There are 2 protein chains.
Amino acid sequence: MENRLEKIKKQLHSSSYKLTPQREATVRVLLEHEEDHLSAEDVYLLVKEKAPEIGLATVYRTLELLTELKVVDKINFGDGVSRYDLRKEGATHFHHHLVCIECGSVEEIQEDLLEDVEKIVEERWHFIIKDHRLTFHGVCRNCQKKQNKLVKSEQSSVEK
Amino acid sequence: MENRLEKIKKQLHSSSYKLTPQREATVRVLLEHEEDHLSAEDVYLLVKEKAPEIGLATVYRTLELLTELKVVDKINFGDGVSRYDLRKEGATHFHHHLVCIECGSVEEIQEDLLEDVEKIVEERWHFIIKDHRLTFHGVCRNCQKKQNKLVKSEQSSVEK
DNA sequence: AATTATAATGATAATGATTATTAAATGATA
DNA sequence: TATCATTTAATAATCATTATCATTATAATT
């Protein structure tokens, strides 16, 4: 944790930015919520718990800065808010997402899975890939279970 | 063209919606700009050329309706606007995009390419995939050429 | 054809996320 | 310490999108 913070600090310095207290607080929140997909507002509220004096605009600026430095990735699931995800250590590529259309939950896939596809795209479309975004929309495991139960109870009520 | 309009009309009817003149004008614009990735505003301006009385809200409503019916796909390239793409005839899946980080151009990939990946995801993550979004960010063919030229001219100016 | 119910529209206000502005605070540097 | 650049907080401004609501078009029914 501290380790990763240090690395981010160095990244900032190497682009002549400082790790101010506000920026540090923001990064800490991101580190503590790696699995979540926080919006700027979410981050703001969480940072405020520890550093109540911080302003919303600062959070936006910090997230923008971190995006620029590729410390975080900015994603959009189509719900009108941008969300910010820390890049995993050493990850060269953005991870993928499974968004459930029933309950809205978001799961992450760290595996690349796209190596072959990217090779094809680069060759056939003569496009040099620097990054990608892959999101699957569908039904998560939990909601599948729920639906099964529902179907069964409907059947039994028809049987009456 | 008329053919596809007819099909869309039927799709609307089968969900008990009508193809009003405003909706028809909007669909026509989408059909005439299949390769582009129009924002709601873009569509609005283009529709206005033919049907000047149309309101912006109607365009938004129509695009929302068409999205619901899966006639169009709503996409977001992270520039703060939603864009709307007609689904190709018979396409069950959304097509992919190549977004150039230099010039902003957007190219389309109609091929699926994800069959294998989806199989893996469904099996390993127990997730039922209904749709996906795949965007590659990188450098398009044109911009690669430009960069090559730039590098060469820089070399020659160094040589002086 | 007239009447009523419903759906759709246009104009515009409201909302909500994000960005810009500006004055004050901080920090580094000479 | 004085000076200069960077960063910040507060808040105003912007911009895309959605909600509201009065009006109009369409369809169904008499």
Side-chain angles (χ1 to χ4, degrees), chain A residues 8-9 11-29 37-69 71-85 104, chain B residues 8-29 37-69 71-85:
Chain A
I8 292 168
K9 190 174 178 178
Q11 269 184 277
L12 281 166
H13 286 166
S14 71
S15 303
S16 56
Y17 293 112
K18 302 165 211 169
L19 184 64
T20 63
Q22 291 89 339
R23 286 175 184 165
E24 182 174 331
T26 305
V27 171
R28 280 186 188 279
V29 163
H37 297 82
L38 304 176
S39 67
E41 184 84 27
D42 294 337
V43 174
Y44 172 62
L45 293 174
L46 287 165
V47 174
K48 258 185 109 80
E49 291 176 8
K50 296 178 178 179
E53 354 62 58
I54 201 168
L56 176 58
T58 302
V59 171
Y60 269 102
R61 272 185 302 245
T62 302
L63 291 172
E64 194 192 332
L65 179 60
L66 294 174
T67 304
E68 215 176 277
L69 298 177
V71 171
V72 304
D73 285 300
K74 190 175 174 181
I75 27 167
N76 198 300
F77 294 136
D79 58 350
V81 239
S82 292
R83 300 180 178 277
Y84 300 85
D85 257 30
Chain B
I8 292 167
K9 190 174 178 179
K10 277 178 196 160
Q11 268 185 280
L12 282 165
H13 286 166
S14 72
S15 303
S16 57
Y17 293 112
K18 304 165 214 169
L19 184 64
T20 64
Q22 290 88 342
R23 286 175 183 165
E24 182 174 330
T26 304
V27 171
R28 280 185 188 281
V29 163
H37 298 82
L38 304 175
S39 67
E41 184 84 27
D42 294 338
V43 175
Y44 172 61
L45 293 174
L46 287 165
V47 174
K48 257 184 109 79
E49 289 177 9
K50 297 178 179 179
E53 355 62 57
I54 202 167
L56 176 59
T58 302
V59 171
Y60 269 102
R61 275 184 298 239
T62 302
L63 292 171
E64 194 191 332
L65 179 60
L66 295 173
T67 304
E68 219 175 87
L69 298 178
V71 171
V72 305
D73 286 300
K74 191 175 176 181
I75 28 168
N76 198 301
F77 293 134
D79 59 350
V81 239
S82 292
R83 300 180 179 276
Y84 299 85
D85 257 29

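This is a predicted model, so every value here is computed, not measured. Residue numbering restarts at 1 for every chain, and letters A, B, ... go by the order of the sequence lines.
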Donor-acceptor pairs are to be reported for all side-chain atoms of residues 56-64 of chain B against protein atoms at under 3.5 Å, with residues two or more places apart or in another chain.
unit_1	atom_1	unit_2	atom_2	d
B:T58	OG1	B:R61	NH2	3.2
B:T62	OG1	B:T58	O	2.8

* **5' precedence on DNA chain C between B:K48 and B:Y17 (nearest-nucleotide basis)** => B:Y17
* Asked: So, do A:I54 and A:K48 sit near enough that their side-chain heavy atoms are less than 4.5 Å apart?
  -> yes
* Respond yes when some side-chain nitrogen or oxygen of A:T58 is under 4.0 Å from OP1 or OP2 of D:dA9, and no when none is. => yes
* Presence of B:S39 side-chain N/O under 4.0 Å of D:dA16 phosphate oxygens OP1/OP2 -> no
* Between P of D:dA16 and OH of B:Y84, the distance in whole Å -> 12 Å
* With the side chain counted from C-beta on, respond yes when A:V81 and A:E41 share a heavy-atom pair under 4.5 Å apart, and no when they do not. => no
* Does the side chain of A:Q22 get closer than 4.0 angstrom to OP1 or OP2 of D:dA9 through an N or O atom? -> yes
* To do: Output the residues of residues 50-57 of chain B in contact with DNA chain C, where contact means a heavy atom of the residue under 4.0 Å from an atom of the strand; sort by number or write none.
  => B:E53, B:I54, B:G55, B:A57
* Determine: side-chain N/O of A:R23 to OP1/OP2 of D:dT8, distance under 4.0 Å, yes or no. => yes
* Asked: Can you find a side chain N or O atom of A:Y60 that sits less than 4.0 Å from OP1 or OP2 on C:dT19?
  -> no
* Within less than 4.0 Å of OP1 or OP2 of D:dA25, is there a side-chain N or O belonging to B:T20? -> no
* To do: Using whole Å, report how far CD of A:E64 lies from P of C:dA20.
  => 8 Å
* Under 4.0 Å: is that the gap between some side-chain N or O of A:S82 and OP1 or OP2 of C:dA17? -> no
* **Pairwise side-chain contact, A:Y17 with A:L65, heavy-atom cut-off 4.5 Å (strictly under)** => yes
* So do the side chains of B:K9 and B:V27 get within less than 4.5 Å of each other, counting heavy atoms only? -> no
* Asked: Rounding to a whole Å, what distance do you find between B:R61:CZ and D:dA25:C1'?
  -> 14 Å
* Asked: If you look at every heavy atom in B:T26 and B:Q22, which pair is closest and at what distance?
  -> OG1-O, 2.8 Å
